[in-house]
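Only one structure is covered here, and it is reproduced in the block below.
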Protein chains: 2
Amino acid sequence: MFEARLTQGVLLRKLLDSMKDLVQDANFDCSSTGFALQAMDSSHVSLIHMQLRSDGFDHFRCDRNLSMGVSLNNMAKILKCMGNDDVLTMKAEDQGDSVTFMFESANQERISDFELKLMDIDSEQLGIPDTDYSATVKMPSSEFARICKDLSTIGDTVLIAVTKDGVRFSTNGDIGSANVTVRSHSNVDKPEEQVVIDMQEPVALTFALRYLNSFAKATPLSNQVIISMSKELPVVVQYRMEDMGQISYYLAPKIEDEEMDGDE
Amino acid sequence: MFEARLTQGVLLRKLLDSMKDLVQDANFDCSSTGFALQAMDSSHVSLIHMQLRSDGFDHFRCDRNLSMGVSLNNMAKILKCMGNDDVLTMKAEDQGDSVTFMFESANQERISDFELKLMDIDSEQLGIPDTDYSATVKMPSSEFARICKDLSTIGDTVLIAVTKDGVRFSTNGDIGSANVTVRSHSNVDKPEEQVVIDMQEPVALTFALRYLNSFAKATPLSNQVIISMSKELPVVVQYRMEDMGQISYYLAPKIEDEEMDGDE
DNA sequence: GGGCCTGCGG
DNA sequence: CCGCAGGCCC
């Protein structure tokens, strides 16, 4: 049997909200190491990989590996019924056909349990190679979200170019073009505002903004986002939840990645 | 070449937001005296005239007179990408086919530049005679906006009648009629709440509320609005930006301007 | 039902 | 000044 208790139940709700627009149905994989999901988005262009470590839960028990297929939309609907400060407990039998979400209000005055039917879902588990990236940018997640949204009003794709002391986001479209440059800097007092660039070699890749905007739905999960890039490899857009795990999005670059010539 | 730097970049965004619903495309006229626009609204009923004086900018350079045709909607989209306290710099080459908007965050940590393509726009520059108006009302802009919005729920037109000690806004429609009277008063402590009436002779004119409601989009630009009227002449609805300039809207009165008989 | 915009709170 | 929530529009 599987049972996991999360004091900050709201975390799981935010995770679902950040995934449900990209993926319809997916398997949650429960094992002694934790609670994880890997899935391609519906158009098979991008990949989500989220993982919550067992030691991040307040209680975690998983007797046998379990793969629970759910409609992320329905699971998100159920999690919306959770109070913002509720403690969440998930439970599933080894051979069961459902998973139960129990919400306890802080003072135990209200206890809810929602049962969600499981579904059989084919899933190809892709191996994600552990790469050393040419460049990694850590920056405020809200700023990344804002930039992707702003650039979407101009163009459909963004060229992300990392140099030693900054990262430039560029796009162009019918009405004109745009560049946003964020400079590397740190602020001891406000670590959540820091922009840290770890660069082995300069890299510049082009991506579809609509996917980056979907990824940015995860902004509420973390103050910072980590963007890792290497030439010709998918970018990784990662949001880390302290002591808990992370959600990472992978998206292949557009070929023709040196400059945006607007002739796409 | 044209280059203008505005510490309060947000001013220009508010200006665009206040014009884009009335006018699609228009020419910005840059000269050594400032940055101006004059345009009829799309239905050729009302006229906008905005002007930012060169000395209101933190830096202003305009080597030759320049007329930049832009889609106000697209320019507004770009200005929405500006941070709320970014410094704005506009740049255009004399013979260029685009204008660049540069946004600098307060700490220079983020620098954006957006290039907007220019368009050729026919514009008839109308002469606006400098009139001595029979009556001028200065009142809180938010109050004027509220009155126009409220009266719109009753009728389509408003009779604005100015007397020595007050201004009356009247309308009527299918469901009934309404009058709002605002009395002249001043408050030394709160000049933004004053209602000042400067009247040579009483005047009462009728206007289409839908245009006044559009004009009221400029409310965020100024605490006060100045309404100037003379018999049979277009009303002027003006918002002044201290040390910077103003935006004025002109709208011809409906004939049959003495009273609203509800038989229109 | 989803996205955008406005208003309110931290 | 930024973030979150609710309401309105598409």
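Side chains are part of it too, since the values below use all heavy atoms of this structure and drop only hydrogens, waters and symmetry mates.
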(message) Run the side-chain contact (heavy atoms from CB on, under 4.5 Å) test against A:Lys138 and tell me which residues pass, sequence neighbours left out.
(response) A:Gln194, A:Val196, A:Gln224, A:Ile226
Listing time: all N or O pairs from protein to nucleotides 3-10 of chain D that are below 3.5 Å?
{"unit_1": "D:dG3", "atom_1": "OP1", "unit_2": "A:Ser142", "atom_2": "OG", "d": "3.4"}

(request) Determine whether the side chains of A:Asn73 and A:Ser71 contain a donor N or O and an acceptor N or O closer than 3.5 Å. (result) no
(request) Take atom CG of A:Asn213 and atom C1' of C:dG3, then tell me their distance rounded to the nearest Å. (result) 12 Å
(message) Holding to ring pair (Phe, Tyr, Trp, His ring centres under 6.0 Å), I want the full list of residues that pass it with B:Tyr249, two or more places apart in sequence or in another chain.
(response) B:Phe215
(request) Check the distance between C:dG3's P and A:Asp150's CG and give it to me in whole angstrom. (result) 17 Å
(message) Could you work out, with salt bridge (Lys or Arg N to Asp or Glu O under 4.0 Å) as the rule, every residue matching A:Arg13, not counting sequence neighbours?
(response) none
(request) Using whole Å, report how far CZ of A:Arg210 lies from P of C:dG2. (result) 15 Å
(message) Rounding to an integer number of Å, can you tell me how far A:Asp21 CG sits from C:dG3 P?
(response) 6 Å
(message) Can you list everything that forms a salt bridge (Lys or Arg N to Asp or Glu O under 4.0 Å) with B:Lys117? Sequence neighbours excluded, please.
(response) none
(request) Figure out the NZ/P separation between A:Lys20 and C:dG2, and round it to whole Å. (result) 6 Å
(request) Would you mind reading off the distance between B:Lys14 atom NZ and C:dT6 atom P, rounded to a whole angstrom? (result) 13 Å
(request) Find the distance B:Arg146:CZ to C:dG7:P and express it as a whole number of Å. (result) 12 Å
(message) Tell me the interatomic distance from B:Lys80, atom NZ, to C:dG3, atom C1', rounded to whole angstroms.
(response) 15 Å
(message) Going by the rule side chain to side chain donor-acceptor pair (under 3.5 Å), which residues pair with B:Asn213 if we only count those two or more places apart in sequence or in a different chain?
(response) B:Ser152
